[in-house]
Amino acid sequence: MVRQETDVTLRRCTGCRGYAYGGGPACAVCRDLVDGLVEGAWATFLRYWDTVAGGDRERALAEMVAAEPDRHDWRIVDAAFDRLVCPDCGGRLARGPVGCPACDLAHGFRYAAIETDRRGVPPGNEHAIRVNVSVVRRPQVTSESEVLVRRLLLPLLLAGFLPTTEAAQRMSVLMKKSPPGRRAQLMERAVEALAEEFSRTRRAARGAASSPTSPGTPAATRRRSVRGRSR
């Protein structure tokens, strides 16, 4: 089954005015966008099985996926858990409070699911998206500082960015040294700088790829361009 493609452009959220997807869980618009990453995949999954939402068959499919997470894309697994009730806390399975035995167990099982990088993104980008989505959708089990970083970086990851080890270390140092009252503001500025650098790099790469004299252009094509022949 073809998995749902994620967002590929950086754009502003109509609610919080930050980058779309990056304001959750506080921003309702961003929160819905993040939920949509798994809900869209689940809708495709239901169509594949010729099943409508809300019935016993959907629940049976969710139970099947939850029982074999290693055979399904992580979005499908997360969506399946959302449709199952935790026997311990009574909430959505895997999204309960800290210390809920069944939710903690299911949360661990979710990482057995399949992660497939999109074409043109650095290896590991999909794993980063998956971890950040998990944190944003279950913020109660993570520190406020980690939720802040994860949510702010999510839009960049969806656009195909993956921070280098050096960049990640700089973010970590900034987080630790920032006064609590200014932490969000300083981290937002740092992410804005990463976004600008990423956008410049991507534009340059696209320009080089489209240049008739770029190294990746076949020699025959370069000759035709120089001679001014029609293509």
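Starting from 1, each residue takes its place in the sequence as its number.
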The criterion is side chain to side chain donor-acceptor pair (under 3.5 Å); which residues satisfy it with Arg95, sequence neighbours excluded?
Asp82
Can you tell me which residue pairs pass the ring-ring contact (aromatic ring centres under 6.0 Å, His included) test with a partner in residues 80-106, sequence neighbours excluded?
none
Distance, nearest 0.5 Å, that separates CH2 of Trp74 from CD1 of Ile114:
13.0 Å
Who are the ring-ring contact (aromatic ring centres under 6.0 Å, His included) partners of Phe161, not counting sequence neighbours?
Phe198
Residues Arg83 and Glu39 bridged, charged N to O under 4.0 Å:
yes
Under a 3.5 Å distance rule, please check whether Ser199 uses its side chain to pair with a backbone N or O of Ala195 as donor and acceptor.
yes
Partners of Arg71 by side chain to side chain contact (heavy atoms under 4.5 Å, CB included), sequence neighbours excluded?
Glu68
Can you name the salt bridge (Lys or Arg N to Asp or Glu O under 4.0 Å) partners of Glu63, sequence neighbours left out?
Arg59
Just to verify, what does Thr201 make a side chain to side chain contact (heavy atoms under 4.5 Å, CB included) with, not counting sequence neighbours?
Glu197
Is there a side chain to side chain donor-acceptor pair (under 3.5 Å) between Thr44 and Arg47? Walk through the geometry before answering.
CA-CA 5 Å; Thr44 302; Arg47 288 193 296 271; 3.1 Å; yes
Arg57 meets the salt bridge (Lys or Arg N to Asp or Glu O under 4.0 Å) criterion, sequence neighbours left out, with none
With sequence neighbours excluded, what pairs up with Thr164 under the side chain to side chain contact (heavy atoms under 4.5 Å, CB included) test?
Glu166, Ala167
Using the side chain to side chain donor-acceptor pair (under 3.5 Å) criterion, which residues pair with Glu146? Sequence neighbours excluded.
Arg150
Donor-acceptor contacts under 3.5 Å from residues 97-109 side chains, at least two apart:
| from | atom 1 | to | atom 2 | distance (Å) |
| --- | --- | --- | --- | --- |
| Asp104 | OD1 | Arg138 | NH2 | 3.1 |
| His107 | ND1 | Arg110 | NE | 3.0 |

Residues in salt bridge (Lys or Arg N to Asp or Glu O under 4.0 Å) contact with Glu192, at least two apart in sequence or another chain
Arg12
Under the side chain to side chain contact (heavy atoms under 4.5 Å, CB included) test, residues paired with Gln185 that sit two or more places apart
Arg182, Arg189
